[in-house]
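The figures that follow rest on heavy atoms only: side chains count, while hydrogens, waters and symmetry mates do not. Every chain is numbered from 1 and lettered A, B, ... according to where its sequence line falls, protein lines coming before strand lines.
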There are 2 protein chains.
Amino acid sequence: MSKKGMLLVGHGSTMPYNKELIESTAKMIAAQTPEFVVKCGFMNINKPSIKESLAEFSKENIDALVVVPLFLAKGVHIEKDIPGEIGLPEGTKKGTFGLNGKTIPLVYADPIGIDPLLAELMVKNAHKALAHV
Amino acid sequence: MSKKGMLLVGHGSTMPYNKELIESTAKMIAAQTPEFVVKCGFMNINKPSIKESLAEFSKENIDALVVVPLFLAKGVHIEKDIPGEIGLPEGTKKGTFGLNGKTIPLVYADPIGIDPLLAELMVKNAHKALAHV
């Protein structure tokens with residue numbers, strides 16, 4: 001089966017919660033979606049950095065790489081900082097990635113954003129809290 | 001039907017994206033879940049503030065109020081700042097809310113956190129981006 005790389009990008013934090021969220025979500029995705037080789041990379045503070053994690057993909061047998069920012073919404077990190085780290089000119093969502101001498105497509109996904117699944121998650125957390133009333 | 005109040009709390013931002021995310025998610029929840037009277041409140045910058053929005057609930061016919069932070073993960077905002085705004089001592093998740101002379105339960109829900117729905121959302125965004133390869 002041809003696999004795809006997924007780089008799940010986190011903001012990074014001096015507290016442990018952002019790193020735990022990104023790493024645990026990456027494990028869930030890898031367990032449920034065998035089409036993806038999943039790695040994490042952090043913009044700030046935590047390791048591996050985005051560039052370190054990108055470099056690790058050059059050893060993988062993948063035919064495309066998708067960079068998925070685990071951020072709530074657009075903003076300067078999504079529009080400027082992460083594109084800079086992954087070698088995409090600002091405003092573009094498609095580029096290439098060098099893999100053992102060949103090039104594969106690199107695409108940049110949207111952050112969480114406005115989505116029915118997010119609404120569902122918030123309602124789920126609300127119901128959990130209300131169960132203790 | 002007895003209704004419940006849901007205060008969806010956002011971080012707030014000088015850019016429009018956080019406010020759009022919170023307000024659009026609140027609309028989705030209200031449309032899909034008629035048991036909730038949904039309002040938004042922002043910790044910083046945007047209006048209404050958490051306290052302004054809480055005050056608005058005192059006019060509603062609800063029998064419980066749940067405060068749901070639309071944040072990625074725990075951290076100082078979740079553990080200190082928002083509890084301070086909603087009158088909960090740090091570390092507690094349950095309190096009361098004064099409503100036209102009576103008191104109703106107030107509960108504090110978790111942020112997004114580690115959840116299969118979040119993994120599903122990230123995979124969905126990855127597939128959308130890969131559709132352009």
ILVMFWY network linking A:I82 to A:F57, side-chain heavy atoms under 4.5 angstrom:
yes
Give a yes or no on whether B:L99 and B:L65 share a hydrophobic cluster (residues Ile, Leu, Val, Met, Phe, Trp, Tyr; joining criterion: side-chain heavy atoms under 4.5 Å apart).
yes
Option that, when pairs with chain A are counted at under 4.5 Å, heavy atom only, ranks first among B:K128, B:K4, B:E120, B:K93:
B:E120
Option in A:A64, A:A73, A:A109, A:P16 with maximal non-hydrogen atom pairs under 4.5 Å from chain B
A:A109
Taking the side chain as everything from C-beta on, heavy atoms only, tell me whether B:D115 gets closer than 4.5 Å to A:T25.
no
Identify which of A:K27, A:Q32, A:H11, A:E79 forms the greatest number of heavy-atom pairs closer than 4.5 Å to chain B.
A:E79
From CG (B:L121) to CD1 (A:I29), nearest 0.5 Å:
10.0 Å
Check the surroundings of atom NZ in B:K80: do more than 12 heavy atoms from other residues, nucleotides or ligands lie under 6.0 Å from it?
no
Side chains of A:V133 and B:D63, heavy atoms from C-beta outward: is any pair under 4.5 Å?
no
Let me know if B:V67 has heavy atoms under 4.5 Å from chain A in its side chain, its backbone, both or neither.
neither
Tell me which of these, A:L21, A:V76, A:L8, has more heavy-atom pairs under 4.5 Å with chain B than the rest.
A:L21
Do B:I114 and B:F71 belong together in a cluster built from hydrophobic side chains that touch within less than 4.5 Å?
no
Report yes if some heavy atom in the side chain of B:I112 is under 4.5 Å from a heavy atom in the side chain of A:I112; otherwise report no.
yes
Nearest 0.5 Å please: distance from the OG atom of B:S13 over to the CG atom of A:L72.
11.0 Å
Region of B:M15 in contact with chain A, defined by heavy-atom distances below 4.5 Å
side chain
Rounded to the nearest 0.5 Å, the OG1 atom of A:T33 sits from the CE atom of B:M122 at a distance of 12.5 Å
Interface check, chain B: of A:P116, A:A26, A:P69, most non-hydrogen pairs under 4.5 Å belong to A:P116
Contact part of A:M6 toward chain B, heavy-atom cut-off under 4.5 Å: side chain, backbone, both or neither?
side chain
Less than 6.0 angstrom separating the ring centers of A:H127 and B:F36, yes or no?
yes
Are the side chains of B:H132 and A:Y108 in contact, using a 4.5 Å heavy-atom criterion?
no
same_hphob_cluster(A:V66, A:V37) at 4.5 Å side-chain heavy-atom cutoff
no
Where is the tightest heavy-atom contact between B:A126 and A:V68, given as atom of each residue plus distance?
CB-CG2, 3.8 Å
Enclosure of A:K74 NZ (heavy-atom neighbours >12, cutoff 6.0 Å)
no
With a 4.5 Å cut-off on heavy-atom pairs, point out which of A:L117, A:L70, A:N18, A:L106 contacts chain B the most.
A:L117
Shared hydrophobic cluster for A:M28 and B:L118 (ILVMFWY, side-chain gaps under 4.5 Å):
yes
Based on non-hydrogen pairs under 4.5 Å, which of B:P111, B:A129, B:G113 is most in contact with chain A?
B:A129
